[in-house]
Amino acid sequence: MKKETSILDVLTSLSKQRGFVFQSSEIYGGLGSTWDYGPLGVELKRNIKNYWWKSVVTARENVIGMDASILMHPKVWEASGHVDNFHDPLVDNKETKKRYRLDHLIESQDITIIKELCNMLKLKAPEKINEEIVQSIVTSLNKVSQQSGEILIDSGVIDPEDNNVGDWTNMRQFNLMFKTFAGPVEDSGSVVYLRPETAQGIFVNFINAQTTSRKKLPFGIGQIGKAFRNEITTGNFIFRTREFEQMEMEFFCKEDETSKWLDYWKQERLNWFKSLGINSEKLRLRAHGSDELAHYSSACYDIEYRFDFGWSELEGIADRGTYDLSKHMEHSNKKLTYFDQSNNEHITPAVVEASAGVDRAMLTVLADAFTTEEINGETRNVLKLSSKIAPVTVAVFPLMNKQGMPEIAQKIVDDLRSEFSSFYDAGGSIGKRYRRQDEAGTPFGITVDHDTIEDQTVTLRDRDTMEQKRISINQIKAALSESMNS
RNA sequence: GCGAAAGUAGCUCAGCUGGUAGAGCAUCACGUUGCCAACGUGAGGGUCGAGGGUUCGAAUCCCUUCUUUCGCUCCA
């Protein structure tokens, strides 16, 4: 990587300057990987969420919404598999400074080393390497984690990096769930987790939501909310953080219909990103290989965007089968089945999930919208945000600060404010005010000038083309609405 | 967490081998101008990420710590 300025650098500094995103707790030196959304950022983020909610939930007869709490019964996470599966056992080689996931490392070893490991851990020696034996080695090592490094060295575990026996550290568990305590006393009886995904809030409410809404299969439940993961490595600005916000929709259907709905939703969701004006050449759907699939999923597509740090996932659309509802039935002893009247039978619905990151969507629209243009030898920074989500929809200016122009402009902006996100600016030259709004992504500019006083008309400026047309004051709202819906 | 690099004004940065901080842009005020980052004058803003040490004296040298970036790993 060259040391040239990346889009991410530009966006980070633009965000700070213009009030999109600030580093959290900055005056205390910042808290790792947490970000605060400023005046413009909160509008953009909220607009993205509202647009998702409208597209996925309210515009559809067969999707309803809900909002579950972040803290849930700890058994939820046992049932979902997160307590058992949502951590990574890691070891480092002090020699090569490489870090490995222990299960991946063991998988890569020769059978003789595996046998030696089993011998030292008093496990039955296997004939060949399979997932089962890898898992039981990891489990056994975990029980003696204080000696695990020693055991790895003594059994001759090789570092693939240099093909020598590694100088291994003891294994460490990185639990990806944030743990905290409910109630005044810190004891193990009151452990709760900050949810690592919003989906489980939907699954545990499946019956509540279905019966009260009287929905029949197939139907979906959407939710937007915060989730928390104690990621080992965060970074790329707001792309990967420990606290983030999800927009998730769980679509319940018959088990033999999941592939049909998976195809439907992956296309719908891809189109959603395209409808925000995002460059379709930088968007793609990528099917997961069988080795990438999560423990609950049998098929999965990622919607990816090509950032300048590479293709990265914005949203996962997954066939989760009946895994989640079955697990919750098993652990809660409650019936979460659906009565299918057509066949007169109780069935466990299967689930197709569309799970998007709000912060990632926001980073995507910013990265995709940011443009630098050359105008009369000057550079112009423009955020070509869709007018559907731009933080400010319209800015109103008096051409001059005299002849009553400010008063007229102020009256116009007051009148627009209830329907459109509006901004009034009389500071500096008119050109400077246009450029300020270009950089904030404001799609429309209205200027009150000499003619306004004579004939009640103003100019309406388009951010991207910089072209202006003259319209009368009472046409402004109609013109804005029309442009926003096109 | 490990390895590498970095942290000086709101932003981007300069500050040579130690002598208590500067520029451009941005912000605010006044004047002038009036349709695409104009100009003039002036102002505000930094205990140089934090803590400790060496020194007569530290932004500069040493240690610790926090944060950021890039890799390893993981995911929305």
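Proteins come first, then strands; the chains are lettered A, B, ... in the order of their sequence lines, and each starts at number 1. Only this structure's heavy atoms are used, side chains among them; waters, hydrogens and symmetry mates stay out.
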Provide the Watson-Crick or G-U wobble partner of [N], both distances under 3.5 Å; none if there is no partner.
N       : value
rC28(B) : rG42(B)
rU17(B) : none
rG7(B)  : rC66(B)
rC35(B) : none
rG71(B) : rC2(B)

Please state the [atom1] separation for the pair [N] and [M] - nearest whole angstrom.
N       : M       : atom1 : value
rU54(B) : rU60(B) : C1'   : 14 Å
rA9(B)  : rC74(B) : C1'   : 38 Å
rG46(B) : rG22(B) : C1'   : 11 Å
rC36(B) : rC30(B) : C1'   : 25 Å
rG49(B) : rU69(B) : C1'   : 16 Å
rC13(B) : rA50(B) : C1'   : 22 Å
rU12(B) : rC56(B) : C1'   : 37 Å
rG3(B)  : rA43(B) : C1'   : 48 Å

Over how many whole Å does the gap from [X] atom [atom1] to [N] atom [atom2] extend?
X         : N       : atom1 : atom2 : result
Phe309(A) : rC72(B) : CZ    : P     : 14 Å
Phe228(A) : rC74(B) : CZ    : P     : 24 Å
Arg18(A)  : rU27(B) : CZ    : P     : 8 Å
Gln17(A)  : rA9(B)  : CD    : P     : 13 Å
Leu11(A)  : rC11(B) : CG    : P     : 16 Å
Glu26(A)  : rC11(B) : CD    : C1'   : 12 Å
Leu176(A) : rA76(B) : CG    : C1'   : 13 Å
Asn236(A) : rC74(B) : CG    : P     : 16 Å

Check whether NZ of the Lys or CZ of the Arg [X] lies under 6.0 Å from the centre of the six-membered ring of [Y] and within 45 degrees of that ring's axis.
X         : Y         : value
Arg360(A) : Phe239(A) : yes
Arg461(A) : Tyr434(A) : yes
Lys179(A) : Tyr193(A) : no

Base, sugar-phosphate alone, or nothing: which one does [X] contact when heavy atoms must sit under 4.0 Å apart?
X         : answer
Leu314(A) : sugar-phosphate
Phe237(A) : sugar-phosphate
Thr34(A)  : nothing

Handout entry: 5' priority, RNA chain B, between Phe239(A) and Thr12(A) [closest heavy atom]
Key = Thr12(A)

Practice task
Give the ring-plane orientation class for Phe307(A) versus Phe309(A), where under 30° counts as parallel, over 60° as perpendicular and anything between as tilted.
Solution key: parallel

Exercise for the section: Return the orientation label for the Phe206(A) and Phe252(A) ring planes: parallel under 30°, perpendicular over 60°, tilted otherwise. Expected result: tilted

Exercise for the section: Mind checking the CD-CG spacing from Gln456(A) to Asn474(A)? Nearest 0.5 Å is all I need. Expected result: 8.5 Å

Exercise for the section: Can you measure from CG (Leu366(A)) to OG (Ser15(A)) and round to the nearest 0.5 angstrom? Expected result: 6.0 Å

Exercise for the section: Using side-chain hydrogen bond (donor to acceptor under 3.5 Å, both in side chains) as the criterion, list what pairs up with Ser55(A), not counting sequence neighbours. Expected result: Trp272(A)

Exercise for the section: Let me see the working for Trp311(A) and Tyr305(A) under ring-ring contact (aromatic ring centres under 6.0 Å, His included), right down to the final yes or no. Expected result: CA-CA 5 Å; Trp311(A) 285 99; Tyr305(A) 179 78; 7.6 Å; no

Handout entry: Arg229(A) side chain, from C-beta outward: closest of rU67(B), rC11(B), rA76(B)
Key = rA76(B)

Practice task
Spell out protein contact along nucleotides 34-43 of chain B as letters: B when the base is contacted, S when just the sugar-phosphate is, - when no protein heavy atom is under 4.0 Å; keep the 5' to 3' order.
Solution key: BBBBS-----

Practice task
Using a cut-off of strictly less than 4.0 Å, decide whether Lys16(A) has a side-chain nitrogen or oxygen near OP1 or OP2 of rC11(B).
Solution key: yes

